[in-house]
Amino acid sequence: MTEIASDPLPKAYVPSEAEPAVTRRWNDARVFHVEPPAAGSAARTYSIVIPPPNVTAALHLGHALNNALQDVLIRHHRMKGDLTLWMPGTDHAGIATQTVVEKRLLAEGIKRLDMGREAFVEKTQEWKDDYEQVILSQLEMMGGSCDFERVRFTMDEMCATAVRHAFFVLFRDGLIYRGKRLVNWDPVTRTALSDDEVEMEEVEGHMWYLRYPLSDRSGHVTVATTRPETMLGDTAVAVNPNDPRASDLRGKFVVLPIVGRVIPIVEDDYVVMADPASTEAKAAYASGFLKVTPAHDPNDWEIGRRHELAVINVMGPDGAISDEYGWEDVSDDARRFVGLSREEARAQIVTWFEANGLLENVRDYTHSVGHSYRSHVPIEPWLSDQWYVAVTDDRLRGSALRAQDPTQSPDLPEGVARRRTGDGGTRGDGELRFFPARYARTYYAWHDGIRDWCISRQLWWGHQIPVWTRIVASEDASPEVRVAVTSTDGAMFAVEDSWTAAGLAHLARHVTETEIEQAVCVPPAGTLARSDRADASLDEAGVIAALEADGFVRDPDVLDTWFSSGLWPMSTMGWPYPEDYPETVGLLEAFNPTSVLTTAREIITLWVSRMVMFNRYFLDGRLPFTDVFIHAMIQDGHGQKMSKSLGNGVDPRDIIETHGADAMRFALVQTTTDTQDVRMPVDMICPHTGVSFTPKFITTSAGHVVAAPVQTSPADPSKTMVSAYGVAAGVVSPTEDAPLALNTSAKFDVGRNFANKVFNATRFALRRLSAEGAADKAPAVVTAADLMFVDRWILDRLANAVSTIEAALGRYQFNQVADTLYDFIWHDVCDRYLEAVKPTVDHRPAQQVVLGSVLDAVLRLLHPVCPFVTESLWPAVSAARFGVVEGVELPPSTLLAGAAWPVIDASLIDHDIRSRFERADALASAVRVVRAQRNVAPKQQIELHVESAVATLISQAEGMVETLAGVGLVVTRGADRPAGASALAFEGTEVLISGLADDVDVEAERDRITKVIAAKEKQVSGFEGKLSNDGYVANAPAHLVEETRQMLEAAKADLAAALSALAALG
RNA sequence: GGGCGUUUAGCUCAGUUGGCUAGAGCGCCUCCCUUACAAGGAGGAUGUCGGGGGUUCGAGUCCCUCAACGCCCA
């Protein structure tokens, strides 16, 4: 008898104890840090840049998902031996961060405008520092194997240099311009918003019908509008050319009421024709005439462009009516509206129309209106000066489209040059692939209809635009400038001048007939110093001082956050001047293009597109990444997005605390299918008892299903608690008696149980491996001859698991990775292999070698998904195992994170063993069914009486059937039937089981066999039906027909065996 | 308005080019604290694969259509 060593491990896995120690070991060994390969090295590289989380708040479950997936890929590739870089960092998130900081300050009674720009930016910087720390520590807690020595921030010095340089190059190359354009203006925060920062809301408003008299006094037209106040800026009335009234009105004009402006009637098929009977609200409410206000409506802006209409801006930045922003023909009647807010102006203008008999009708009208996501007031389409990137230029848009894998996106749209194959300048063409493939369409459609990108934001937190401007009278401008702008019409024009030796990019345009605006972009110091036109006496400060002395003023706006994020795969690797940051030298060459971008689909347009355009533009066509994996969005159990206001979010930190990081990661990986949403029903943890339960839900007036603010403890009805929703809605606050209940989800239990299973399987194996002297008796190399049946089988399963996992990772099918691990480890290794070897492993050193190897391989395979439990078990397993199984490569390693991915030789794949195992296992299962039904005690050994073919199978399985089914004796039966035996049908033979219990309950036995007979009869008739179908026999592949025949025969034989067993009961 | 996704057991979901008797986890029922694991083991019940139509020898899978829910974009 081998001596059993005492347990070196506790009885259950305790993540909170294991995880910090594991993290320390990784950090001490710097195992996640990578240096670029030496020049000429043939090392494979693998890299991911993290989608930088906003420094606005701690990471939520969506981040946890995204990061878990990236870490699985990263750890797998690191183990495969690739030089692997996962670049971490955070995003300054201009508008979002400014908003939260402003809100926080306001709560303290401090206003941003009062404290001034510098102080505010400093305050925001503090906020950023705090949250950056939180985010990085969360990444670490989740097990993220980022190179934490390379943490970047989109506003740090290195990234700022990249931003400045990129801006300068685009500016110089004519891809950045300034223009008066309609923007989504938030009059409260006085900020321009991008389209995606505008939230559409249904508003119950009115449709007003206003009469505009024709200038020839022959009548009037009636325009329908939801925004009467903008009529002050009308410059046309439009009618659909197919409208029967159009021809009579052709060439006519109307006199704009109040203002007296004479404006044309134009024909444009954008106009919806009136149709009172229509079910479409637009047509039902239309009058057929549209007032056209190019300065205050994006559609009108387009109509204005088509018909070359005047653009008259009648509002100021606060949304009030103003004559200071381009409105010149202010009549006496109109003057009294100047200065009114847009709301007051609307009311008074309607009153005016009514008083003057020009208000034809008012109808209630519900329509959707864009609102600011920040201030929640309706946005104002407003004409203002903004900076744009000309992404519609073929150098950007075309390049982004040409990047797409042609199999995912076969045709390029009109106007995009065809792929130029074999041209060195078009590296990266056709190499961008999306997973799942359908997102290629989203990407394509976005670029097909893309508009120029407004990059200026009226904020303080961000990269300030590196442009200095001044307005000069034309006659005061230098000759070069005058020449440059003469031929142009409002457009910007590049000026080649020599006013500074540095040769800065210089644009100019007329802002009025007599005034010219000059704009000069100052590049970062590094670019300036490298300029071949550089004057060594002029450094950056000198250049700026010279400009400012000339009356130039820096633009106060900052860049859209996505401008810096768009450079992320380059800026984090030291672009454009790695030599200025020695730790980055070599990174770009080795790791850009990165291997894959993992992100949510909502930012395909905002981020993915821009990274592709920038990376390709600045790096000779090189892609920022070749693969884009779009993961699902996590919703709550009711299909709602998780959000703070609904209180339905699950905090990753809570799950790490209650279940462990591995459990969280495993559950997230397992739910990652290629659908676009996954549901995670949210439960609550009772703070009094620690028991999780499904809360009582209520429906809000907005139709959301949320946890009721007050919940009763499921275990103790006298105790209550409050829900996150209740707190978020301001209905309740936590108290000592009624504390806040944390959210959780039952989904994570699977992961926790699994980690515990692995832990205990290891505990079992370690006891078997640590037997005295075992290592000395084992062969140094275990070969096929040393293997038992179950050993060969488990090695086959191992080989299968390795290849399945690798294939699934290659296709980003994460759920398959998790499911394969779960099935292999739990069902194959634990339920079958470990159980089967129990009687033999203690005295079979060769089997110990197999057991140790399988265990070792299990830890390696599971490590990318569950890094903590595997790493924490690794030292004990490494120390305990000995010997080598031929064909199983598991080179030793101090740390599992740095260990090699298992390589299993194809010779260990054994289909014959697999099929015999499955038959033997089916027999064992059938016997266990009988044992369960007869309530046989686990320890009770039974006897099997089988026919010789089955006896052969059992003996070839070398004890496995006996062990798994609790069989003490197998007898090859003759014609006799042992008294009191139970019977089952197996492979068409009758297997008799004796020794089950003292007596056979004949009635129960009859019931059981009768059920078997019914099931078999159903099978037989099913197969017979199939085979009697001539079409099936004629058309189905022969092997399927043959299979069906065999199954029919087997079912028939089983039926016969069951019938004979029933007969034997009497 | 355009695009996309989802609908399979009570719940959450697998089901790869059509082909074995439609699966898993949780929950439920029975038995078992058998020295790896009760966060466990053995067994069991539960499905007109959203409705309708079509293609096919054969449809959860392909096509058409209807419905519901959801997401993205405009």
Side-chain angles (χ1 to χ4, degrees), chain A residues 4 6-7 9 11-13 195-196 198 200 280 282 298 368 370 436 438-439 441-442 444-446 449 600-605 632-633 635 637-641 659-660 663 667 670-671 673-681 694 745-747 749-768 807-808 811 813 815-816 818-819 822-823 826-827 830-831 834-835 838 924-925 927-940 964-966 1015-1016 1018-1019 1022-1023 1026-1027 1029-1037 1039-1044 1046-1047 1051:
Chain A
I4 305 281
S6 64
D7 264 336
L9 297 171
K11 213 174 168 187
Y13 175 58
D195 288 345
D196 37 270
V198 175
M200 300 310 288
E280 295 283 321
K282 273 201 171 150
S368 88
R438 63 175 178 275
Y439 292 113
R441 283 171 60 112
T442 309
Y444 177 93
W446 158 258
R601 73 180 175 287
E602 57 192 359
I603 54 181
I604 291 175
T605 54
M633 303 273 293
Q635 304 175 335
H638 305 98
Q640 307 167 126
K641 244 190 211 175
H659 291 72
Q670 198 182 28
T671 54
T673 62
D674 74 358
T675 59
Q676 58 182 24
D677 307 306
V678 292
R679 287 189 187 192
M680 180 161 288
T694 302
S745 174
K747 284 226 169 188
D749 294 351
V750 181
R752 181 198 51 192
N753 296 354
F754 185 47
N756 189 54
K757 187 74 177 179
V758 171
F759 180 85
N760 275 296
T762 303
R763 205 155 65 93
F764 165 82
L766 288 177
R767 290 165 69 173
R768 307 296 164 145
R811 295 187 303 260
Q813 290 178 331
N815 65 315
Q816 279 186 21
D819 288 343
Y822 191 93
D823 284 344
W826 200 305
H827 296 129
C830 294
D831 290 349
L834 296 187
E835 290 304 324
K838 274 179 181 174
S925 291
V927 174
R928 288 200 293 219
V929 170
V930 176
R931 290 183 67 117
Q933 284 169 344
R934 298 284 295 270
N935 272 337
V936 179
K939 276 181 178 159
Q940 171 111 15
L964 295 184
K1016 292 289 170 192
K1018 202 176 153 200
Q1019 280 182 24
F1023 295 134
K1026 231 175 177 180
L1027 288 167
N1029 179 343
D1030 294 341
Y1032 176 68
V1033 178
N1035 296 319
H1039 73 273
L1040 281 178
V1041 178
E1042 182 50 34
E1043 241 174 69
T1044 308
Q1046 283 172 9
M1047 279 161 50

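Residue numbering restarts at 1 for every chain, and letters A, B, ... go by the order of the sequence lines. Computed from a prediction, not measured in an experiment: that's the story for all the values here.
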With [atom1] as the reference atom in both, quote the distance from [N] to [M] in angstrom, rounded to an integer.
{"N": "G47(B)", "M": "A9(B)", "atom1": "P", "result": "10 Å"}
{"N": "G10(B)", "M": "C66(B)", "atom1": "C1'", "result": "27 Å"}
{"N": "U55(B)", "M": "C13(B)", "atom1": "P", "result": "34 Å"}
{"N": "C64(B)", "M": "A59(B)", "atom1": "C1'", "result": "15 Å"}
{"N": "G15(B)", "M": "U7(B)", "atom1": "P", "result": "10 Å"}
{"N": "C57(B)", "M": "A45(B)", "atom1": "C1'", "result": "34 Å"}
{"N": "U65(B)", "M": "G2(B)", "atom1": "P", "result": "14 Å"}
{"N": "C71(B)", "M": "C63(B)", "atom1": "P", "result": "25 Å"}

Could you grab the distance from atom [atom1] of [X] to atom [atom2] of [Y], nearest 0.5 Å is fine?
{"X": "H659(A)", "Y": "K747(A)", "atom1": "NE2", "atom2": "NZ", "value": "13.0 Å"}
{"X": "T671(A)", "Y": "M680(A)", "atom1": "OG1", "atom2": "CE", "value": "5.0 Å"}
{"X": "N815(A)", "Y": "D674(A)", "atom1": "CG", "atom2": "CG", "value": "8.0 Å"}

Inset, instruction - Would you state whether a donor and an acceptor, one from the side chain of K11(A) and one from the base of C37(B), lie under 3.5 Å apart? - result: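 Per atom types, no contact qualifies.
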Inset, instruction - Would you state whether a donor and an acceptor, one from the side chain of E602(A) and one from the base of C72(B), lie under 3.5 Å apart? - result: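 Side chain to base: no pair present.
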Nearest whole angstrom, please: distance from the [atom2] of [N] to the [atom1] of [X].
{"X": "Q640(A)", "N": "C71(B)", "atom1": "CD", "atom2": "P", "result": "9 Å"}
{"X": "F764(A)", "N": "G41(B)", "atom1": "CZ", "atom2": "C1'", "result": "14 Å"}
{"X": "M680(A)", "N": "C11(B)", "atom1": "CE", "atom2": "C1'", "result": "14 Å"}
{"X": "L964(A)", "N": "G41(B)", "atom1": "CG", "atom2": "P", "result": "14 Å"}
{"X": "W826(A)", "N": "A38(B)", "atom1": "CH2", "atom2": "C1'", "result": "11 Å"}
{"X": "K757(A)", "N": "G25(B)", "atom1": "NZ", "atom2": "C1'", "result": "14 Å"}
{"X": "N753(A)", "N": "G25(B)", "atom1": "CG", "atom2": "P", "result": "12 Å"}
{"X": "D749(A)", "N": "U12(B)", "atom1": "CG", "atom2": "C1'", "result": "12 Å"}

In the strands shown, is [N] matched to any nucleotide by a Watson-Crick or G-U wobble pair with both distances under 3.5 Å, and which?
{"N": "U56(B)", "value": "none"}
{"N": "G40(B)", "value": "C32(B)"}
{"N": "C13(B)", "value": "G23(B)"}
{"N": "C71(B)", "value": "G3(B)"}

Inset, instruction - Check whether NZ of the Lys or CZ of the Arg K757(A) lies under 6.0 Å from the centre of the six-membered ring of Y822(A) and within 45 degrees of that ring's axis. - result: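 Not satisfied by the 6.0 Å and 45° rule.
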Looking for any heavy atom pair under 4.0 Å, which part of the strands does [X] touch: base, sugar-phosphate only, or nothing?
{"X": "K1018(A)", "result": "nothing"}
{"X": "Y13(A)", "result": "base"}
{"X": "Q933(A)", "result": "nothing"}
{"X": "V678(A)", "result": "sugar-phosphate"}
{"X": "D1030(A)", "result": "nothing"}
{"X": "K1016(A)", "result": "nothing"}
{"X": "A746(A)", "result": "nothing"}
{"X": "R441(A)", "result": "sugar-phosphate"}
{"X": "T605(A)", "result": "nothing"}
{"X": "A1036(A)", "result": "base"}

From [options], nucleotide with atom closest to [X] side chain:
{"X": "Y1032(A)", "options": "C71(B), C57(B), G40(B)", "result": "C57(B)"}
{"X": "C830(A)", "options": "A36(B), U21(B), G70(B)", "result": "A36(B)"}
{"X": "T675(A)", "options": "G40(B), G41(B), G5(B)", "result": "G5(B)"}
{"X": "P681(A)", "options": "A36(B), U12(B), U34(B)", "result": "U12(B)"}
{"X": "R679(A)", "options": "A39(B), U12(B), G19(B)", "result": "U12(B)"}
{"X": "E835(A)", "options": "G5(B), A36(B), G43(B)", "result": "A36(B)"}
{"X": "N935(A)", "options": "A36(B), C31(B), G41(B)", "result": "C31(B)"}
{"X": "D831(A)", "options": "A36(B), A42(B), C71(B)", "result": "A42(B)"}
{"X": "K747(A)", "options": "A14(B), A39(B), U12(B)", "result": "U12(B)"}
{"X": "N756(A)", "options": "G25(B), C71(B), C37(B)", "result": "C37(B)"}

Inset, instruction - Using side-chain contact (heavy atoms from CB on, under 4.5 Å) as the criterion, point out the one residue from N756(A), V750(A), D749(A) that pairs with R752(A). - result: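 Testing each of N756(A), V750(A), D749(A) against R752(A), the sole residue satisfying side-chain contact (heavy atoms from CB on, under 4.5 Å) is D749(A).
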Inset, instruction - Keeping the roles fixed (side chain from R931(A), backbone from A937(A)), state whether a donor-acceptor pair exists under 3.5 Å. - result: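 Here the side-chain-to-backbone pair exists.
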Legend entry - Cationic N near anionic O, under 4.0 Å, K641(A) to D677(A):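 So K641(A) does not pair with D677(A) through a salt bridge.
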Inset, instruction - Between H827(A) and R752(A), name the one whose nearest nucleotide on RNA chain B is closer to the 5' end. - result: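 Nearer the 5' end of the strand: H827(A).
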Inset, instruction - Between N815(A) and A12(A), name the one whose nearest nucleotide on RNA chain B is closer to the 5' end. - result: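 With N815(A) and A12(A) compared, the 5'-side residue is N815(A).
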Inset, instruction - Before giving the answer on side chain to side chain contact (heavy atoms under 4.5 Å, CB included), spell out for I604(A) and Y439(A) the whole-Å C-alpha distance, their side-chain angles and the decisive distance to 0.1 Å. - result: CA-CA 8 Å; I604(A) 291 175; Y439(A) 292 113; 3.8 Å; yes
Inset, instruction - Taking all heavy atoms of L1027(A) and all of T1044(A), pick out the closest pair and write down the distance. - result: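 Looking at all heavy atoms of both residues, the closest pair is CG-CG2, 3.9 Å.
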Contact under 4.0 Å: [X] side-chain N or O vs [N] OP1/OP2:
{"X": "R928(A)", "N": "G43(B)", "result": "yes"}
{"X": "R601(A)", "N": "C4(B)", "result": "no"}
{"X": "T673(A)", "N": "A14(B)", "result": "yes"}

Inset, instruction - Please assess Y1032(A) against L1040(A) for the test side chain to side chain contact (heavy atoms under 4.5 Å, CB included), listing each intermediate value before the final yes or no. - result: CA-CA 10 Å; Y1032(A) 176 68; L1040(A) 281 178; 3.9 Å; yes
